[in-house]
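Take a look at the structure set out below.
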Amino acid sequence: QVVNYAPFTLLPSAVPSALFEQAYAVQQDFNLLVDAISQNKEFLERTLASTIKVDDFTARLFRIHMQVLEEGLAQSVFLGINRSDYMFDCGVDGTPALKQIEINTIAASFGGLTSRTAAVHGRVLKVLGKSKEASRLLPNNPSIGLALGIAKAWELYGSQSAVVMFLVEEVQRNIFDQRCVENELWNRNIRVIRKRFRDVFEEGSLDDAKRLYMDGQEVAVVYYREGYVPTNYDQQNWEARLLLERSRAVKCPDIATQLAGTKKVQQELSRPGMLERLLPGRDEAVARIRATFAGLYSLDMGEEGDKIAATAIADPDRFVLKPQREGGGNNLYGEELRQVLEKIRDSPERTSYILMDKIKPQPAMNYLLRAHSPLQVSKCISELGIFGVYVRQGKEMVMNKAAGHLLRTKAIEHADGGVAAGVAVLDTPYLV
Ligand code: ADP
Ligand code: MG
């Protein structure tokens, strides 16, 4: 086993306080939206119809979703933990605007490790003689909020002896982040077990009431920190996933909520009238959500897709080309975007992607500290994430909260990639 420190910036990064507040203010709206999409079979079916014809991974998830619905949902308590990510787009007049990059509805990470960065950066500022600035760093601990959501779902499931199961990777790279959430649960006297898909395949079973058991132990909540990329699955793992989804256990997220987080869904949401249909009677929430949208474009076959594909080929630096993948490092930019799009422009393969306007933040200088890497000053941009937590029992929302934030910073020469991908590092917002 090898332990490295998590990568971080030497200094906190400036974040406009108005945009920071805006991001917090819209989080409960996004929680409601994700939850509404997850319950809207017709919307998911229509939205993903073209994607699942060409994208095998999304198609497999979708098939499980349909199978579980046909059988009838055994689960009655729903827990969502998401993270909505933003960049600060620099307008022509230099005013920054909050623009959503994406919303992560499965395995949204770093809520644990980020709770430590304010202390680290406070200390650095004090060493530099900046005590006043240090005292202005906001405390932040998303792992408590995430654990409170899991604890609420566990309580509503209603079995004192049942455990919470963290579904984790074959090879652990981010265990300490997960432990922060886990510790909060043990502190509340909730037992936590850590298992892999492979363990579920070998030890998992359902009883007549579809209660989930692992080696004889009842599971109340399954918290996925795995299962969001194709490489997480072999045939046995798919079977394990199906078993979990069929069960009564609270899945965080259930498969419908995972699908609600696809890039294709994000793109469809930006169509005029779509938010209004998904959140009827919530005009203010709709306006807050829409204000964070960048331009998003469908590449479905037809005139609309032909047109935007041609525009992007002519001016690739205006756009990002995104497949239905998570975890960083999958998007295409610039010349590469042009080449790929040129190759697939007349083929249905293009419908496995969406196009998005490229956000252009104002860079700032910082040092990125990473184990075994040389220390150098870099021109950087930051991405702010807000954690959202909600719990629904039947039709009733019993918890809906923003649970804290995450700031990640990367050097501008990397177009893509998060902390886990080895590109971005942990940071702390310094509100200006
Ligand atoms: P993933 O699911 O892989 O995290 P994202 O949509 O978050 O996919 O994109 C990964 C990274 O690519 C982001 O963290 C960001 O750095 C960059 N990125 C994504 N969309 C845009 C965009 N519209 N403009 C600029 N950079 C983007
Ligand atoms: Mg991302």
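Heavy atoms only: backbone and side chains are in, while hydrogens, waters and symmetry mates are out. Indexing begins at 1, ligand by ligand and atom by atom, following the structure's order.
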Near [X], which atoms of ligand 1 are under 4.0 Å from a heavy atom of that residue?
X      : result
Arg325 : 2 (O)
Lys410 : 15 (C), 16 (O)
Gly327 : 1 (P), 2 (O), 3 (O)
Met356 : 23 (N)
Val320 : 21 (C), 22 (C), 23 (N), 24 (N)
Lys263 : 1 (P), 2 (O), 6 (O), 8 (O)

- Item | Cationic N near anionic O, under 4.0 Å, Glu71 to Arg246 | yes
- Message: Strictly below 4.0 Å, N to O, side chains only: are Arg188 and Glu184 in salt-bridge contact?
- Response: yes
Parallel, tilted or perpendicular: which one describes the rings of [X] and [Y], with boundaries at 30° and 60°?
X      : Y      : value
Trp238 : Tyr233 : parallel
Phe197 : Tyr224 : tilted
Phe293 : Phe30  : tilted

Return the residue, atom name and 0.1 Å-rounded distance of the protein heavy atom closest to [atom].
atom                    : answer
atom 14 (O) of ligand 1 : Glu383 OE1, 2.5 Å
atom 11 (C) of ligand 1 : Asp416 OD1, 3.2 Å
atom 6 (O) of ligand 1  : Lys322 NZ, 2.7 Å
atom 3 (O) of ligand 1  : Gly328 N, 2.6 Å

Options [options], ranked by nearest heavy atom to [atom], top entry:
atom                    : options                       : value
atom 17 (C) of ligand 1 : Tyr333, Tyr228, Phe319        : Tyr333
atom 23 (N) of ligand 1 : Ile101, Asp85, Asp357         : Asp357
atom 5 (P) of ligand 1  : Met87, Lys360, Gln266, Glu102 : Glu102

- Task: Report yes or no: is the cationic atom of Arg225 (NZ for Lys, CZ for Arg) closer than 6.0 Å to the six-membered ring centre of Phe166, at no more than 45° off its axis?
- Result: no
- Should the proximity of Ile359 to ligand 1, defined as any heavy atom under 4.0 Å, be assigned to the side chain, the backbone, both, or neither? both
Just wondering, are more than 12 heavy atoms of other shown residues or ligands nearer than 6.0 Å to [atom1] in [X]?
X      : atom1 : answer
Arg282 : CZ    : no
Arg116 : CZ    : no
Phe176 : CZ    : no

- Query: Does any N/O atom on Glu326 come nearer than 3.5 Å to any N/O atom on ligand 1?
  - Reply: yes
- Do any N/O atoms on Asn331 end up under 3.5 angstrom from N/O atoms on ligand 1? yes
- Query: Would a 4.5 Å heavy-atom cut-off, applied to side chains only, mark Leu384 and Met87 as touching?
  - Reply: no
- Query: Looking at Gln362 and Cys90, what are the two nearest heavy atoms and their distance?
  - Reply: OE1-SG, 3.7 Å
- Query: For the Mg ion (ligand 2), which N, O or S atom of Glu102 is at the shortest distance?
  - Reply: OE2
